[in-house]
> 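I'd like to ask some things about the structure below.
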Amino acid sequence: MIRTRFAPSPTGYLHIGGVRTALFNWLFARRHAGSFVLRIDDTDQERNIDAALQPILDGFRWLGIDWDEGPEVGGDHGPYFQSQRGEIHRAAVDALLESGAAYRDYSTTEEIRVEREEAQTKGRPFVYSRRFMAETETDCKRFEAEGRRGLVRLKMPREGVCRFVDLVRGPVEFDWAREQDHVIQRPDGTCLYHLASAVDDHEFAISHVIRAEEHLSNTPRHVFITESLGYELPEYAHLPYVAEPGSKNKLSKRKLGKYLKNPDFARLNEHGDRIAAAVGLQVAADSFNPVIVDFYREIGFLPEALLNYLLLLGWSLDDKTEFFSRQEMIDHFSLERVQRSPASFDPTKLWTFQEHHMEELEPDAKLGLVLPYLERAGLVGSPVDPEIRDQVAQIIVAAGDRIKAAGDILDYDEFFCVDDALDYDEKAFDKRIRKPPEARGLLLGVRERLAATPDFTTAALEEAVRNWVDETDIKLGQIIHALRVSVTGKPVGFGMFEILEILGRGRCLARIDRALARLDDTSE
RNA sequence: GGCGCGUUCGUCUAGGGGUCUAGGACGCCGGCCUCUCACGCCGGUAACACGGGUUCGAAUCCCGUACGCGCUACCA
């Protein structure tokens, strides 16, 4: 039975790099009909775990990364919070103590520091002298009489090599002698990460430990703990980390300021801010940015797109396949094809995947995604009037691939405002209406045609306007731009005749009149 | 400092001794399409970190160097 796990700390947000690790674990489990377990690594005893955990669980749910065991779903191996597993960890420490794989130590941090520095100045690798190791009850008493506090350290082998096969990197080996006698239990009885992690992986019957590369060097400790306890070793696979845009440094939330200097990253960020502002979402830069999964959900990315992009960040099927559905990811995923070197996060390429998956959506599905944004922005009622709903459906079709993220619908607010409240792009108004001397006459002319066209549909309108253009010596371009600015206030947008049809005759004429009035008003 | 891992176009990658004058994708540049924008289409740009081996032959194997990252915590 294949069992994998992801062990997030409750930090209040879901990091994009973490999701990639979780995704690979999840895919591997799903691929082999195994289980994916969520374990919460909260050994640090956070104050408000619930509040800090919720965004993470929400993020996974949005992405469709479901867990078979863990918070809120339970399971046979619980509890799934490390903070509640103290007894199990302490029992493991006792067993280690019992077998001699660990010992009580009474050194102080200061004494260790001195030893370490001494070794370093002599150019020797540091290994603890075990000067304050207590192997008997009397030793303990003696040290305690000196006012020392005991903790528990691993008694690491001082010779031989630790060998294991990493499923991504192949055979790896470490000299045992280089390993430190790591602390596994503090004087207050609480246990440290490496102990807890190795024990829990066994308790949860994890078959494949798939985690970030930074743990590769920690693996000998885990191997030692696991084997000393008499447990069977899991398989290990260490994933390269996700790097910053344009660099090989590990992506970290802390360096947001630096990423914002990257133009592509900044553009993505601004895109998000714009949508957030339009829907009145209160956002703080450190909780709403492209390093955090929530960001993508809020601005209307598709989870499939994010997953697809992340999948290819460090994994590939072959030399050509780029797009994967959720099922295809599961069908093809394998650890053998995981890349060994870090991959940097490229916001521009992420958009490619988003666009692709968006294009694959049926108009109805798109409508469902887009409507909530209009409602939240107050551009349509809630629930939306059926007539308006149809109009939005038309807009979606006419907009085509211009709506890349669901929140992009808010770029087309001109369809939802009353004619008198339409904002004009001043530059465009000048260029297309105020400046060309013929604009006034052309607008009047086209107004006449629009008023007279019996059938106010895209095709009929286009025919009418083109015929009119053909009859006179003007060019279509001359009138289209002025018309576009009059009717939408903007210099760009989708097909002019589609816009006219969606708006309808009344609003088109009213808007042309308003633009003309505005022209007369300010040209004097 | 020690140990470990890594290094193919700007980016994501294919490549596992000859089929590589290194392929694809994104980006970028140029062009076409066009009522603007977006899309689409066509073309172009651009890489095996460096140095030694091994071999008839190396991007592919070995060694070294450089660089990057990680671990070396009573953080996870």
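Values below: all heavy atoms of this structure, side chains included; hydrogens, waters and symmetry mates excluded.
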> Please determine, by modelled atom types, if A/E501 and A/T458 share a side-chain donor-acceptor pair under 3.5 angstrom.
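On atom types as modelled, these side chains qualify, holding a pair under 3.5 Å.
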> B/rA59 pairs with which nucleotide, Watson-Crick or G-U wobble, both distances below 3.5 Å?
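Result: none.
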> Considering heavy-atom distances to RNA chain B, does A/T108 or A/R221 have its closest nucleotide positioned more toward the 5' end?
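The residue mapped nearer the 5' terminus is A/R221.
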> Looking at A/F415 versus A/F494, is the centre-to-centre ring distance below 6.0 Å?
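Distance test on ring centres: under 6.0 Å, yes.
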> With side chain to side chain donor-acceptor pair (under 3.5 Å) as the rule and sequence neighbours excluded, what pairs involving residues 171-180 of chain A come up?
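Output for this query lists A/R163-A/E173.
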> For nucleotides 61-66 of chain B, just jot down a letter per nucleotide in 5' to 3' order: B, S or -, based on protein non-hydrogen atoms under 4.0 Å.
------
> Can you pull every protein N or O that's under 3.5 Å from an N or O on nucleotides 42-50 of chain B?
none

> Heavy atoms under 4.0 Å, any strand shown: does A/P245 hit a base, just sugar-phosphate, or nothing?
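Touches nothing.
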> I'd like a table of atom pairs between the protein and nucleotides 8-13 of chain B - only N or O on both sides, under 3.5 Å - with the distance next to each one.
| unit_1 | atom_1 | unit_2 | atom_2 | d |
| --- | --- | --- | --- | --- |
| B/rU11 | O3' | A/S344 | OG | 3.0 |
| B/rC12 | OP1 | A/K248 | NZ | 2.9 |
| B/rC12 | OP1 | A/S344 | N | 2.9 |
| B/rC12 | OP1 | A/S344 | OG | 3.2 |
| B/rC12 | O2' | A/L312 | O | 2.9 |
| B/rC12 | O2 | A/K349 | NZ | 3.4 |
| B/rU13 | OP1 | A/G314 | N | 2.6 |
| B/rU13 | O3' | A/S316 | OG | 3.1 |

> Please list all pairs passing the ring pair (Phe, Tyr, Trp, His ring centres under 6.0 Å) test where one or both residues lie in residues 102-121 of chain A, with sequence neighbours left out.
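Residue pairs passing ring pair (Phe, Tyr, Trp, His ring centres under 6.0 Å), neighbours aside: A/Y106-A/F143.
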> Strictly by side chain to side chain donor-acceptor pair (under 3.5 Å), give each pair with a member in residues 117-128 of chain A just once, sequence neighbours left out.
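Residue pairs passing side chain to side chain donor-acceptor pair (under 3.5 Å), neighbours aside: A/D105-A/Y128, A/R113-A/E117, A/E118-A/K122.
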> Output all residues satisfying ring pair (Phe, Tyr, Trp, His ring centres under 6.0 Å) with A/W351, sequence neighbours left out; order by chain, then residue number.
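Once residues adjacent in sequence are excluded, the partners of A/W351 under the ring pair (Phe, Tyr, Trp, His ring centres under 6.0 Å) criterion are A/H271, A/F301.
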> Please name all residues satisfying ring pair (Phe, Tyr, Trp, His ring centres under 6.0 Å) with A/H481, sequence neighbours left out, ordered by chain then number.
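A/H481 satisfies ring pair (Phe, Tyr, Trp, His ring centres under 6.0 Å) with no residue once adjacent residues are dropped.
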> B/rG6 P sits how many Å from A/E214 CD, rounded?
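To the nearest whole Å, that distance equals 16 Å.
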> For A/E244, what residues pass the side chain to side chain contact (heavy atoms under 4.5 Å, CB included) criterion, not counting sequence neighbours?
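With neighbours one apart ignored, the set is A/S247, A/N249, A/K255, A/K258, A/Y259.
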> Over all strands shown, is A/H194 touching base, sugar-phosphate only, or nothing at heavy-atom distances under 4.0 angstrom?
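Since a base atom lies under 4.0 Å of A/H194, the category is base.
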> Taking side-chain hydrogen bond (donor to acceptor under 3.5 Å, both in side chains) as the test, write out the residues that go with A/E462, two or more places apart.
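Applying side-chain hydrogen bond (donor to acceptor under 3.5 Å, both in side chains) to A/E462 gives A/R466.
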> Is it true that the side chains of A/H215 and A/H238 contain a donor and an acceptor less than 3.5 Å apart?
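Checked: A/H215/A/H238 side chains show no N/O donor-acceptor pair below 3.5 Å.
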> List for me each residue that meets salt bridge (Lys or Arg N to Asp or Glu O under 4.0 Å) alongside A/E414, sequence neighbours excluded, and say none if there are none.
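Applying salt bridge (Lys or Arg N to Asp or Glu O under 4.0 Å) to A/E414 gives A/K490.
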> If a protein heavy atom is under 4.0 Å from the base, mark B; if only from the sugar-phosphate, S; if neither, -; do that for nucleotides 32-39 of chain B going 5' to 3'.
---BBBBS
> Within the 4.0 Å heavy-atom criterion, would you say A/L216 contacts the bases, only the backbone, or no part of the nucleic acid?
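If one applies the 4.0 Å heavy-atom cut-off, A/L216 turns out to touch the sugar-phosphate alone, with no base involved.
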